[in-house]
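What follows is a single structure, written as structure tokens, with notes after it.
Chain identifiers are assigned alphabetically (A, B, ...) following the order of the sequence lines, protein sequences preceding nucleic acid strands; residue numbering begins at 1 within each chain.
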Amino acid sequence: MKYDAAAIERKWQKIWDEQSTFAVSIDKAKPKFYALVEFPYPSGQGLHVGHPRSYTALDVIARARRMQGYNVLYPMGWDAFGLPTENFAIANKIHPEKVTEKNVERFKAQLKSLGLSFDWSREINTTDPDYYKWTQWIFLQLFKRGLAYKKEMAVNWCTSCRCVLANEEVVAGVCERCGGEVVRRVKSQWMLKITEYAQRLIDDLDLVDYPERVRVQQINWIGRSDGAQVRFETTAGDPIEVFTTRPDTLFGATYMVIAPEHPLIEKWAGILENIDEVKAYQRQAAKKSDFERTEIAKEKTGVELKGVRAVNPVNNRETPIFISDYVLVSYGTGAIMAVPGHDTRDWEFAKKFGLPIVEVVKGGDIEKEAFTDCETGIMVNSGFLDGMTVENAKKAITDWLVQKGLGEHKVNYKLRDWVFSRQRYWGEPIPIIICPNCGFVPLDEEELPLRLPMVESYEPTESGESPLAAISDWVNVRCPECGGDAKRETDTMPQWAGSSWYFLRYTDPHNDKELASKGALQYWLPVDWYNGGMEHTTLHLLYSRFWHKFLYDIGVVPTPEPYAKRTSHGMILGENGEKMSKSRGNVINPDEIIKEYGADTLRLYEMFIGDFEKAAPWSSTSIRGCRRFIERVWTLQEDVLPDENIRAELETAFHRTIRKVGEDIENLKFNTAIAALMALLNDVNETGSITRGELRVFLILLNPFAPHVTEEIWENLMFSGQISQQQWPEYDEQKCIEQTIEIAVQINGKVRSRVTIPADSDSGQAISAAKADEKIVAAIAGMQIVKELYVPGKLVNIVIKK
RNA sequence: GCGGGUGUGGCGGAAUGGCAGACGCGCUGGCCUUAGGAGCCAGUUCCACAACCGGAGUAAGGGUUCAAGUCCCUUUGCCCGCACCA
């Protein structure tokens, strides 16, 4: 019988579909397990060979857990709003809805051809009005609690997408998505107050099991700094507030720097002696994007504000004030006290402008470079702080500032509020009405969903307004409060909106009363295991944790964190070790792999390719090994002994493999789980035959990785039921132990021989057996034995000297 | 610069401080075959050897230990993230 992967896979996919084998409902008698993978953006290119790595991994876990008695939810859906679809629609004059529909159809067929055990009855789509109704509902709740607000602000404007980007979407000065130039533009934008959750987003990382690199990245992104806010009086009368993490160095502050955009400059315009020079510097700074300011302007520049001086509160000394673009208006107070002795940037600036550098922490050589060490230094030239450690001085000076009313302890975050508006068509409309009398009026929840209007043209406008602004009969409405003429908000939400809560909807996807029922949320949350890419660590993960925490606060969800455990897979690279991309010409198409080898081989290979968490290059020769393995398994059924047991000679091997495969799946070590199955098959083949009992266990262990072929063999052998409904085999710890073992015998740590001894030998027995070995006899003859030890089951080491 | 990770055969990669290189690819030889990009058997870290017995070996150097790929220190390469964040 020839192994016909295509026919077998088609057959079983159809059966699973027709019988809804993997559909799940609440069953309180069983422990629940919620496995989640990031839902894809259904792009025009179709599935990439990288997608199945994540999907198969959690499919393996889901399938194994089902057989282990868990009630498993493993859902899939579509994150379908987004610019590529909109751009494709514009270019080809097809409505984005149609484009999405077509892409989803293709993706779905591809996913089904992989034999993934998704519960398709729970499929969701973020562009479905029944779905985005609840995305809009969540926005209204944020608005009603003051966490969504509109603000006139400088934003990142992608000149190519003609659209606003969140800070997180700007990478190295260009648009993360299209690579287009990003410039600053002042626009009125909807913002979400994620900063209000900054501390909890750090603290609650303790409640969850995330990989260290994900934890660290989130913490760094939020960027908490502990310090003090200090007020410096000026000769102009208006004080300058600064934030510093080193209040201990206050005595060393020899000048001040404020950002070019700082509002005091405008206020002081009349008294500045060199206002023209200052204005010129401001204009120059404004022209630079943030990227240029950080990348190109490594050399410090700046202009002194002549005519105003600041007063250092600790010693009442007057110091000059500069403006310089190395101080960012968006962080802290937009102004700093400069301590050139102990801050590298201030040191460079002071050197360039010939400003005094005062040592206030002893331990370095401030002539050569700034001394920034906080661990070892001792305070000097600092009045009442002299002799203290940096740590103590920070406390002492902060207390002093508080007491004098000059400052306070202060925590700052790098995290900015989330820019939530997009001036595009293909997104969730923001359900707000703008009334000239009443301001921003939320749409009545009864009117949700606020549907996207059908339009002729969804081209972005040159003015930077959303295409929706041109649809007058949609835009013009009556104000729900005063009944006067009003307009709808025409901005739409970013793509991150729909993906910030999708895992909640899966628990109750057809509910039209609530985003999901309390009962469903109570039963299924939190997500037990969420796998996704590292690229979503600072965006999607942070945003969805924020939304979830908000929903927790208003009593909608029962858990403070959405995902109990997060893992991330490495990328699959091209054969040349480079990232797969069309332009590099190294893209592998999963459809073709399935055609040539079958889905089971593809699944097996993607799990076997290497360490799951690391990037791995594709190899079109290595995959053949996985196909050969499946063929050898297929051959087993041709000659099966009727015995329903495992033969004694293979008992240990089987029990060990059951243990290893189970443990490895839990630990994401799919590659070694498969290696163990291959090794077991080799052991079986050495005996020249297999029993029904052995094959039965073997097929169940292999099933999560290669579900189709194992079902087929299961059926051919007339085992009862379907393999996916079987129970995972149990192992007996006792039976994992061999009767006799071969141990190494070392002389001074080097292996000199091997002996076979009973597994239960004690130390004395093992050592005498070792010393009876003829090679060892020869080695220790005439030598003095210093030490002998036995590591049970492993080795004997005899330490000798002359 | 800061933070995280990582360095093992020709390749992907295995090794709770206890026999380095499991498993697979590739390669070599043999069998089978009209044929082989099929299958089966054997071999495959490097050096040396007819073979046995050996020697060296996990980026480099040092240390702890009966025993180190694994733990500690120093150096170094690569990958990822953040980066004038006061």
ask   = So, do A:F349 and A:Y255 have ring centers that fall under 6.0 Å from each other?
value =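 When the ring centroids of A:F349 and A:Y255 are compared, they turn out to be within the sub-6.0 Å range.
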A:F608-A:F629 aromatic ring centre distance below 6.0 Å =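 No, the ring of A:F608 stays outside the 6.0 Å limit from the ring of A:F629, centre to centre.
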Of all the choices, [options], which nucleotide is nearest to the side chain of [X] once you look at every atom?
X: A:L795; options: B:G3, B:C82, B:G18; value: B:G18
X: A:T672; options: B:A14, B:G26, B:C66; value: B:A14
X: A:E212; options: B:A86, B:C66, B:G4; value: B:G4
X: A:R632; options: B:G24, B:C66, B:C25; value: B:G24
X: A:M678; options: B:G13, B:C23, B:G4; value: B:C23
X: A:K794; options: B:U16, B:A86, B:G26; value: B:U16
X: A:R752; options: B:C23, B:G13, B:G55; value: B:G55
X: A:D325; options: B:C25, B:C23, B:C84; value: B:C84

task = Output yes when a side-chain donor or acceptor of A:N220 lies under 3.5 Å from a complementary backbone atom of A:G223, and no otherwise.
result =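 Here the side-chain-to-backbone pair does not exist.
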message = For A:N685, is there any backbone N or O sitting under 3.5 Å from a side-chain donor or acceptor partner on A:R632?
response =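 Such a contact is absent between A:R632 side chain and A:N685 backbone.
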How many Å lie between [atom1] on [X] and [atom2] on [N], as a whole number?
X: A:Y790; N: B:G17; atom1: OH; atom2: C1'; result: 17 Å
X: A:R656; N: B:A15; atom1: CZ; atom2: C1'; result: 15 Å
X: A:F608; N: B:G24; atom1: CZ; atom2: P; result: 7 Å
X: A:L328; N: B:A86; atom1: CG; atom2: P; result: 10 Å
X: A:F629; N: B:C25; atom1: CZ; atom2: P; result: 12 Å
X: A:Y331; N: B:C84; atom1: OH; atom2: C1'; result: 12 Å
X: A:Q746; N: B:C66; atom1: CD; atom2: P; result: 13 Å
X: A:M571; N: B:G5; atom1: CE; atom2: P; result: 19 Å

Once you apply a heavy-atom cut-off of 4.0 Å, does [X] come out as touching a base, just sugar-phosphate, or nothing?
X: A:N671; result: sugar-phosphate
X: A:R215; result: nothing
X: A:D611; result: sugar-phosphate
X: A:K669; result: sugar-phosphate
X: A:I609; result: sugar-phosphate
X: A:A676; result: nothing
X: A:N748; result: nothing
X: A:E788; result: nothing
X: A:T621; result: sugar-phosphate

Ignoring hydrogens and angles, state whether a donor on the side chain of [X] or [Y] is under 3.5 Å from an acceptor on the partner side chain.
X: A:T538; Y: A:Q218; value: no
X: A:N312; Y: A:T319; value: no
X: A:E38; Y: A:H536; value: yes
X: A:D346; Y: A:Y326; value: yes

Taking atom [atom1] in both [N] and [M], compute the distance separating them and give it to the nearest angstrom.
N: B:G18; M: B:A86; atom1: P; value: 43 Å
N: B:G55; M: B:A59; atom1: P; value: 22 Å
N: B:G9; M: B:G61; atom1: P; value: 15 Å
N: B:A20; M: B:A14; atom1: C1'; value: 9 Å
N: B:U58; M: B:G81; atom1: P; value: 32 Å
N: B:U33; M: B:C40; atom1: C1'; value: 12 Å
N: B:C53; M: B:U44; atom1: P; value: 13 Å
N: B:A68; M: B:G62; atom1: C1'; value: 14 Å

Side-chain N,O ([X]) to OP1/OP2 ([N]) below 4.0 Å:
X: A:K750; N: B:A56; answer: yes
X: A:R627; N: B:G37; answer: no
X: A:R246; N: B:A86; answer: no

request  = Classify the side chain of A:K300 versus the base of B:C84 as yes if they form a donor-acceptor pair under 3.5 Å and no if they do not.
outcome  =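 A donor-acceptor contact between them is present.
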inquiry  = So for A:N220 and B:C82, does any side-chain atom that can act as donor or acceptor lie under 3.5 Å from a complementary atom in the base?
reply    =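 Not at all, since no donor on one side and acceptor on the other fall under 3.5 Å apart.
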query = So A:K395 and A:E391, salt bridge (Lys or Arg N to Asp or Glu O under 4.0 Å) or not? Walk me through it.
reply = CA-CA 7 Å; A:K395 282 190 213 95; A:E391 226 27 64; 5.2 Å; no
key: Most 5' of A:V791 and A:K414 on RNA chain B, judged by nearest nucleotide   =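 Residue closer to the 5' terminus by nearest nucleotide: A:V791.
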inquiry  = Judged by each residue's nearest nucleotide on RNA chain B, which is more toward the 5′ side, A:D343 or A:Q217?
reply    =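 That would be A:Q217.
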Is there a Watson-Crick or G-U wobble partner for [N] with both distances under 3.5 Å, and if so, which one is it?
N: B:G7; answer: B:U76
N: B:A14; answer: none
N: B:G54; answer: B:C47
N: B:A42; answer: B:U28
N: B:G1; answer: B:C82
N: B:A67; answer: none

request  = Measure across A:T672 and A:K669 and return the closest heavy-atom pair with its distance rounded to 0.1 Å.
outcome  =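 Closest approach of A:T672 to A:K669: OG1-O, 3.1 Å.
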task = Mind telling me if B:G17 is syn or anti? Syn here is a glycosidic angle within 90° of 0.
result =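 Because its glycosidic torsion lies more than 90° from 0, B:G17 adopts the anti conformation.
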